[in-house]
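Shown next, in structure tokens, is the structure this report addresses.
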Amino acid sequence: MAKKKNSPAKKQGAGSERPGSFSYIWRKIRKNPGAMLGLIFVIALFVLSFLSPYICKYGYDEIVMKSRFALPSLDHLLGCDEVGRDILSRILYGAKYTLSIGILSVAVSCVLGVILGAIAGYFGGIVDTLIMRFLDVFQAFPNILLAIAISAVLGSGFDKVIYAIGISGIPNFARMMRANILTVRNSEFIEAATSINCTTFRIILHHVIPNAISPLIVQVAMGIASAALSASGLSFLGFGVQAPIPEWGAMLASARGYMRDYPHMVIIPGLFIMLTVLSFNLVGDAIRDALDPKLRD
């Protein structure tokens, strides 16, 4: 009997996906239980934070003095703070600010870092030296210390925190982009673009950056977690988002004087900070594994 030949359609499966494509990365994330839990937590937090005005029984700034220091109950699922404000409402409202700061500050770092790193890596020579020595000055200080210094100059507030954390994160993105550019700038497609008289700006924007940006995806995922943690740290120290906005770090700062008698006021926002950072790190690890050639199946 003649053997049946496998049809081309049957041969196509998970192995036919192009490594690094969105479908390939998504398949790797789905196979990672930790990454899926982290992704579900982050998405749920996003949705609940933006629906908080409609689903929360109490406003985040609604003061009920008779409910001061109330423990978790059916009326207040996560209890109340020192002036009777519902902690659940403040957690959900505050998630919007913490996550927004993390995402927007990383966007600032990524855009400016990619531009500086691309220019330094592509042109090399004196341009590369000047840019990298300038970034060395930034990296001489710890990120959080630099963010505190920038916040002290710019002042406190939601937008100021974004600028402070965003500027302090530029060197990491710039160095990674420069290293990636150095590996692709002598490639044949760059020579082909040069031979047909493409402008330098077009070569960098349309040929160099797209082929060197993949490793930055992991840096972005990890950076959001780090930026959210830095935002909470700045608010805790009084340089970030100020009251009455319920940012998680500010909630920790206002509750630290009561942590011995009413530990739920500290544990709850601290737990949400920990889970959010952990979730972004788990997703970032899964993306890194998906983009690592040594781990591709």
Side-chain angles (χ1 to χ4, degrees), residues 97-185 200-201 203-237 239-241 247 249 276-277 280-281 283-284 287-288 291:
Y97 293 98
T98 301
L99 294 175
S100 297
I101 290 172
I103 293 171
L104 293 176
S105 60
V106 168
V108 171
S109 300
C110 185
V111 171
L112 297 179
V114 164
I115 292 173
L116 289 175
I119 293 173
Y122 183 78
F123 289 103
I126 187 65
V127 175
D128 182 22
T129 301
L130 289 175
I131 292 176
M132 298 317 294
R133 297 297 77 75
F134 174 73
L135 295 178
D136 284 342
V137 175
F138 273 77
Q139 288 196 304
F141 302 93
N143 280 2
I144 188 64
L145 184 59
L146 182 60
I148 290 174
I150 297 173
S151 294
V153 173
L154 298 179
S156 59
F158 177 75
D159 55 338
K160 308 298 193 305
V161 175
I162 293 173
Y163 297 143
I165 299 175
I167 292 172
S168 64
I170 288 175
N172 294 330
F173 285 93
R175 287 189 176 280
M176 180 174 290
M177 191 64 190
R178 174 182 175 271
N180 297 336
I181 294 294
L182 292 176
T183 63
V184 302
R185 70 175 182 179
T200 301
F201 177 77
I203 292 174
I204 293 176
L205 189 64
H206 293 279
H207 299 287
V208 176
I209 292 179
N211 286 280
I213 206 167
S214 293
L216 290 177
I217 299 174
V218 179
Q219 182 72 10
V220 167
M222 298 292 192
I224 293 175
S226 178
L229 191 60
S230 296
S232 296
L234 288 176
S235 297
F236 181 82
L237 295 172
F239 293 98
V241 178
E247 203 277 329
T276 302
V277 172
F280 276 111
N281 284 338
V283 174
I287 296 174
R288 181 193 60 198
L291 295 175

Which heavy-atom pair separates Ala174 from Leu135 by the least distance, and what is that distance?
CB-CD1, 3.4 Å

Please round to the nearest 0.5 Å and tell me the distance separating atom CD1 of Ile115 and atom CD1 of Ile119.
7.0 Å

Indicate yes or no: at least one non-hydrogen side-chain atom of Phe173 is less than 4.5 angstrom from one of Val111.
no

If every non-hydrogen atom of Gln219 is compared with every non-hydrogen atom of Asn172, which pair is closest and at what distance?
NE2-CB, 3.7 Å

If you measure from CD1 on Ile181 to CE on Met176, what distance do you get to the nearest 0.5 Å?
12.5 Å

In Å, rounded to the nearest 0.5 Å, how long is the span from CG of Asn143 to CD1 of Ile170?
11.0 Å

What pair of heavy atoms forms the shortest contact from Val106 to Ala227, and how long is it?
CG2-CB, 4.0 Å

What heavy-atom pair brings Leu182 and Gly121 nearest, and what distance separates the two atoms?
CD2-O, 3.6 Å

Looking only at heavy atoms, which two atoms of Ala221 and Ile287 are closest? And how far apart?
CB-CD1, 4.4 Å

Atom OG in Ser100, atom CG in Asp159: separation rounded to 0.5 Å?
12.5 Å

Ile224 versus Val220: any side-chain heavy-atom pair under 4.5 Å?
yes

For the CE atom of Met177 and the CG atom of Leu112, what is their distance to the nearest 0.5 Å?
13.5 Å

State whether the side chain of Ser105 and the backbone N or O of Ile162 hold a donor-acceptor pair below 3.5 Å, judged by distance alone.
no

So Arg178 and Leu116, do their side chains get closer than 4.5 Å, heavy atoms only?
no

Whether over 12 other heavy atoms sit under 6.0 Å from Phe158 CZ
yes

Give a yes or no answer on whether the side chain of Ser235 reaches the backbone of Ser232 with a donor-acceptor pair at less than 3.5 Å.
no

Using 0.5 Å steps for rounding, measure from the CG atom of Leu234 to the CD1 atom of Ile144.
4.5 Å

Do the side chains of Thr98 and Thr276 get nearer than 4.5 Å, heavy atoms only?
no

Side-chain contact, heavy-atom cut-off 4.5 Å: Leu146 with Phe138?
yes

Validation row: Phe280, Leu229 side chains within 4.5 angstrom (heavy atoms)
no

